[in-house]
Amino acid sequence: QVQLVESGGGLVHAGGSLRLSCAASGREFTSYAMSWFRQAPGQRREFVASSAWSGGTIFYGDSVKGRFTISRDNDKNTVYLQKNNLKPEDTAVYYCAEKVSVGGSHEDGPYDYWGRGTQVTVSL
(Lines give C-alpha, C1' and ligand atoms only; values in the text may rest on other atoms or scores of the structure.)
Protein backbone atom coordinates (compact mmCIF):
# COMPACT_ATOMS: atom_id res chain seq x y z
CA GLN A 1 0.00 0.00 0.00
CA VAL A 2 1.33 3.40 -0.98
CA GLN A 3 2.10 5.75 1.89
CA LEU A 4 3.09 9.39 1.73
CA VAL A 5 4.60 10.90 4.86
CA GLU A 6 5.22 14.62 5.18
CA SER A 7 7.68 16.16 7.60
CA GLY A 8 9.42 19.45 8.27
CA GLY A 9 6.52 21.62 9.32
CA GLY A 10 6.64 23.92 12.31
CA LEU A 11 6.51 27.49 13.56
CA VAL A 12 8.60 30.16 11.84
CA HIS A 13 8.69 33.94 11.85
CA ALA A 14 7.72 35.91 8.78
CA GLY A 15 10.64 36.13 6.38
CA GLY A 16 12.03 32.82 7.53
CA SER A 17 12.42 29.52 5.70
CA LEU A 18 11.33 25.92 6.04
CA ARG A 19 11.89 22.80 4.01
CA LEU A 20 9.16 20.19 3.84
CA SER A 21 9.79 16.59 2.83
CA CYS A 22 7.42 13.95 1.52
CA ALA A 23 8.62 10.37 1.43
CA ALA A 24 6.73 7.81 -0.65
CA SER A 25 6.81 4.12 0.19
CA GLY A 26 5.03 0.94 -0.76
CA ARG A 27 4.85 1.86 -4.44
CA GLU A 28 5.58 -0.96 -6.86
CA PHE A 29 5.03 1.08 -9.99
CA THR A 30 6.29 4.24 -11.62
CA SER A 31 4.00 7.13 -10.97
CA TYR A 32 3.84 10.40 -12.87
CA ALA A 33 4.16 13.31 -10.48
CA MET A 34 4.24 14.46 -6.88
CA SER A 35 2.68 17.69 -5.75
CA TRP A 36 2.14 19.90 -2.74
CA PHE A 37 -1.16 21.43 -1.70
CA ARG A 38 -2.12 23.46 1.32
CA GLN A 39 -5.29 24.24 3.20
CA ALA A 40 -5.79 27.01 5.70
CA PRO A 41 -8.66 26.93 8.21
CA GLY A 42 -11.94 27.80 6.55
CA GLN A 43 -10.40 27.94 3.10
CA ARG A 44 -10.35 25.72 0.06
CA ARG A 45 -7.41 23.50 -0.68
CA GLU A 46 -4.86 25.35 -2.78
CA PHE A 47 -2.36 24.01 -5.28
CA VAL A 48 1.21 24.92 -4.32
CA ALA A 49 3.69 23.10 -6.55
CA SER A 50 4.15 19.99 -8.65
CA SER A 51 7.02 18.07 -10.17
CA ALA A 52 6.99 15.14 -12.53
CA TRP A 53 9.28 12.32 -11.41
CA SER A 54 10.90 12.26 -14.82
CA GLY A 55 11.91 15.90 -14.49
CA GLY A 56 11.35 18.87 -16.77
CA THR A 57 7.75 19.50 -15.74
CA ILE A 58 7.33 21.79 -12.76
CA PHE A 59 4.42 24.03 -11.88
CA TYR A 60 3.85 26.54 -9.10
CA GLY A 61 0.79 28.24 -7.75
CA ASP A 62 0.74 31.98 -8.34
CA SER A 63 0.94 32.83 -4.65
CA VAL A 64 4.24 31.01 -4.14
CA LYS A 65 6.13 31.66 -7.37
CA GLY A 66 9.58 33.02 -6.70
CA ARG A 67 9.51 31.99 -3.03
CA PHE A 68 8.97 28.21 -3.02
CA THR A 69 11.00 25.59 -4.85
CA ILE A 70 10.00 21.98 -5.40
CA SER A 71 12.66 19.35 -5.91
CA ARG A 72 12.89 15.59 -5.78
CA ASP A 73 15.27 12.75 -5.04
CA ASN A 74 14.18 9.85 -7.20
CA ASP A 75 16.51 7.41 -5.45
CA LYS A 76 14.86 8.20 -2.12
CA ASN A 77 11.33 8.53 -3.53
CA THR A 78 11.19 11.86 -1.77
CA VAL A 79 9.97 15.28 -2.83
CA TYR A 80 10.93 18.49 -1.07
CA LEU A 81 9.40 21.94 -0.84
CA GLN A 82 11.84 24.69 0.06
CA LYS A 83 9.90 27.68 1.31
CA ASN A 84 11.65 31.04 1.61
CA ASN A 85 10.47 34.49 2.59
CA LEU A 86 7.49 33.00 4.40
CA LYS A 87 4.46 35.15 5.06
CA PRO A 88 1.66 34.77 7.62
CA GLU A 89 -0.71 33.91 4.77
CA ASP A 90 1.41 30.81 4.12
CA THR A 91 0.09 29.36 7.36
CA ALA A 92 -1.72 26.13 6.51
CA VAL A 93 -1.59 22.37 6.62
CA TYR A 94 0.61 21.25 3.76
CA TYR A 95 -0.17 17.97 2.02
CA CYS A 96 1.74 16.02 -0.56
CA ALA A 97 -0.10 14.04 -3.18
CA GLU A 98 0.90 11.56 -5.83
CA LYS A 99 -0.46 11.44 -9.34
CA VAL A 100 -0.14 8.05 -10.97
CA SER A 101 -1.23 8.89 -14.50
CA VAL A 102 -0.63 11.74 -16.93
CA GLY A 103 -4.34 12.55 -17.44
CA GLY A 104 -5.95 15.64 -15.97
CA SER A 105 -3.74 18.46 -14.73
CA HIS A 106 -1.16 19.08 -12.03
CA GLU A 107 -3.34 21.73 -10.42
CA ASP A 108 -6.65 19.88 -10.42
CA GLY A 109 -5.61 16.24 -10.42
CA PRO A 110 -6.87 13.66 -10.15
CA TYR A 111 -4.48 12.52 -7.44
CA ASP A 112 -4.38 8.95 -6.29
CA TYR A 113 -2.61 9.15 -2.93
CA TRP A 114 -2.43 11.78 -0.20
CA GLY A 115 -0.36 12.26 2.89
CA ARG A 116 -1.82 13.28 6.24
CA GLY A 117 -0.28 16.73 6.15
CA THR A 118 2.12 18.80 8.19
CA GLN A 119 1.27 22.08 9.89
CA VAL A 120 3.17 25.23 8.97
CA THR A 121 2.57 28.34 11.04
CA VAL A 122 4.13 31.67 10.14
CA SER A 123 4.03 34.36 12.81
CA LEU A 124 4.60 38.09 12.50
Is [X] linked to [Y] within one hydrophobic cluster, defined over Ile, Leu, Val, Met, Phe, Trp and Tyr using a side-chain heavy-atom separation of less than 4.5 Å?
X	Y	value
F47	Y94	no
W114	V93	yes
L20	F37	no

Q: Go through R67 and D90 one step at a time and tell me if the side-chain contact (heavy atoms from CB on, under 4.5 Å) criterion holds.
A: CA-CA 11 Å; R67 300 188 298 123; D90 294 319; 2.7 Å; yes
Please examine the side chains of [Y] and [X], heavy atoms only from C-beta on, and report whether any two atoms are closer than 4.5 Å.
X	Y	value
L4	Y95	no
S7	T118	no
R72	W53	yes
V64	R38	yes
Y113	V100	yes
F68	L86	yes
I58	I70	yes

Q) Hey, mind stepping through T69 and Y80 against side-chain contact (heavy atoms from CB on, under 4.5 Å) and telling me if it holds? A) CA-CA 8 Å; T69 303; Y80 305 96; over 6 Å; no
Q | Audit row: S21, K76, side-chain contact (heavy atoms from CB on, under 4.5 Å) steps and yes/no | A | CA-CA 11 Å; S21 301; K76 296 181 179 179; over 6 Å; no
Spell out, as yes or no, whether a donor-acceptor pair under 3.5 Å connects the side chain of [X] to the backbone of [Y].
X	Y	value
Y111	H106	yes
T91	V122	yes
E6	C96	yes

Q: Working to the nearest 0.5 Å, report the span between CG of L81 and OG of S50.
A: 11.0 Å
Q: Measure the CZ-CD distance between R19 and Q82 for me, rounded to the nearest 0.5 Å.
A: 7.0 Å
Q | Contacts of type side chain to side chain donor-acceptor pair (under 3.5 Å), residue S25, not counting sequence neighbours | A | none
Q) So does D62 pair up with K65, basic N to acidic O under 4.0 Å? A) yes
Q.
If you count every heavy atom of other residues, nucleotides or ligands that lies below 6.0 Å from Q3 atom CD, does the total exceed 12?
A. no
